[in-house]
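Chain letters run A, B, ... following the sequence lines, proteins first, then strands; residues in each count from 1.
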Protein chains: 2
Amino acid sequence: MEQPRDMASKLSEQGYRLTPQRLMILSAIDNSDNHISADEIYAQIVAKYPNVNISTVYRTLELLKRLGLVTETDLGEGRVRYHPAVKGHHHHLLCQGCGAIIDLDEPLLASLKNTLLREYNFLPDLRHLAILGRCLKCS
Amino acid sequence: MEQPRDMASKLSEQGYRLTPQRLMILSAIDNSDNHISADEIYAQIVAKYPNVNISTVYRTLELLKRLGLVTETDLGEGRVRYHPAVKGHHHHLLCQGCGAIIDLDEPLLASLKNTLLREYNFLPDLRHLAILGRCLKCS
DNA sequence: CTTGTATTTGCAACCAGTTTCAATAAAAAT
DNA sequence: ATTTTTATTGAAACTGGTTGCAAATACAAG
Ligand SMILES: [Mn+2]
Ligand SMILES: [Mn+2]
Ligand SMILES: [Zn+2]
Ligand SMILES: [Zn+2]
């Protein structure tokens, strides 16, 4: 529930510094209900702290991804969106014809995950995928 | 076997013009054994036809993708690679730790494909995927 | 072979994201 | 509280890829 604090403490536990920029980025991610983009995070922060740079936003998102605190998904908009990892795992089916997005529960990929682990010794990162294709009426 | 001709006739059947640029792009894709990038296609063409523009290469690749003649895959290099669709379907497991690439046969995703079709009325495009994750020694 | 027209191209500007580097500042040490 | 160390930042340049537009050209029709 108290998510930005959780993410912040994980950062400092791992030896990363808690700068004001990072804290603002964390709360922007956490306060957004839906998936948020780098632009949207930046716009929100620059309003209060005008000399923050967009590259700091990208660098922080990269770090949070690496630590597994946020997931990144390409929903085919020409930009990528972010989601706090703790807010639940799910996937999206994205129709290339009409742009429709169908949400998908996580367990659907569990058997694929097990197969890859068992037969290929590979642990796939299947936390927030977008699977491209065509919906019924577009195929 | 005579692949560039096949791709070319499909283009003109669909009403697209057979420009010298398009023909050179088609044969660059077909003559490459492995996956080829836009840069590599461009470099190969510009040697003989110096005023060809890179945006024509990107536009043609976009068209070939849309017509299903080539598949595109992001192998995590910061650039994307292309493959003629007829040269067989397969997938790649990409380790985010050490960069190892494990090849994967197509049938592994058949049951996922069926499930999505049956339960979600969605026909996924699973012709050439890269699945990110960690190999045994990196996880 | 010419003409007409719709498609395609080259070019330049643009967009999301990354990288290099010197200046800044968080946190550790004194 | 001051100094030192090291991570982090802002700024600017850069990368892969896309887009708007006017000039060029493939191809169909005469
Ligand atoms: Mn989501
Ligand atoms: Mn491949
Ligand atoms: Zn659709
Ligand atoms: Zn590995």
[X] [atom1] to [N] [atom2], straight-line distance once rounded to whole Å:
X	N	atom1	atom2	result
A:Tyr42	D:dT9	OH	P	14 Å
A:Asp74	D:dG17	CG	P	13 Å
A:Glu40	C:dG17	CD	C1'	16 Å
B:Gln14	D:dC27	CD	P	15 Å
B:Arg79	C:dG17	CZ	P	18 Å
A:Met24	D:dG10	CE	P	11 Å
A:Leu61	D:dT8	CG	C1'	15 Å
B:Arg81	D:dG16	CZ	P	11 Å

- prompt: Got a sec, which residues hit side chain to side chain donor-acceptor pair (under 3.5 Å) with A:Asn51, two or more places apart in sequence or on another chain?
  reply: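 A:Asn51: no side chain to side chain donor-acceptor pair (under 3.5 Å) contacts found.
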task: Would you mind classifying the nucleic acid contact of B:Pro20 as base, sugar-phosphate or nothing, using non-hydrogen atoms under 4.0 angstrom?
output: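 Sugar-phosphate contact only.
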Short heteroatom pairs, N/O only, protein and nucleotides 7-11 of chain C, under 3.5 Å:
| unit_1 | atom_1 | unit_2 | atom_2 | d |
| --- | --- | --- | --- | --- |
| C:dT7 | O4' | B:Arg17 | NH2 | 3.2 |
| C:dT7 | O2 | B:Arg17 | NH1 | 3.0 |
| C:dT8 | OP1 | B:Arg17 | N | 2.9 |
| C:dT8 | OP1 | B:Arg22 | NH1 | 2.6 |
| C:dT8 | OP1 | B:Arg22 | NH2 | 3.4 |
| C:dT8 | O5' | B:Arg22 | NH2 | 3.3 |
| C:dT9 | OP1 | B:Thr19 | OG1 | 2.7 |
| C:dT9 | O3' | B:Gln21 | NE2 | 2.9 |
| C:dG10 | OP1 | B:Gln21 | NE2 | 3.2 |
| C:dG10 | OP1 | B:Asn51 | O | 3.3 |
| C:dG10 | OP2 | B:Asn53 | N | 3.2 |
| C:dG10 | OP2 | B:Thr56 | OG1 | 2.4 |
| C:dG10 | N7 | B:Arg59 | NH2 | 2.8 |
| C:dG10 | O6 | B:Arg59 | NH1 | 3.2 |
| C:dG10 | O6 | B:Arg59 | NH2 | 3.4 |

message: Less than 4.0 angstrom between a side-chain N/O of A:Tyr58 and OP1 or OP2 of C:dT18, yes or no?
response: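 Answer is no, no contact under 4.0 Å.
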Please determine if [X] and [Y] form a salt bridge, counting it only when a charged side-chain N lies under 4.0 Å from a carboxylate O.
X	Y	answer
B:Glu13	B:Lys10	no
A:Glu62	A:Arg59	no
A:Arg81	A:Glu40	yes

message: Are there over 12 heavy-atom neighbours, none belonging to B:Lys113, within less than 6.0 Å of that residue's NZ?
response: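 Atom NZ in B:Lys113 is not packed in, count stays at 12 or less.
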query: A:His90 and A:His128: aromatic ring centres closer than 6.0 Å?
result: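 Close enough - the centres of the two rings lie under 6.0 Å apart.
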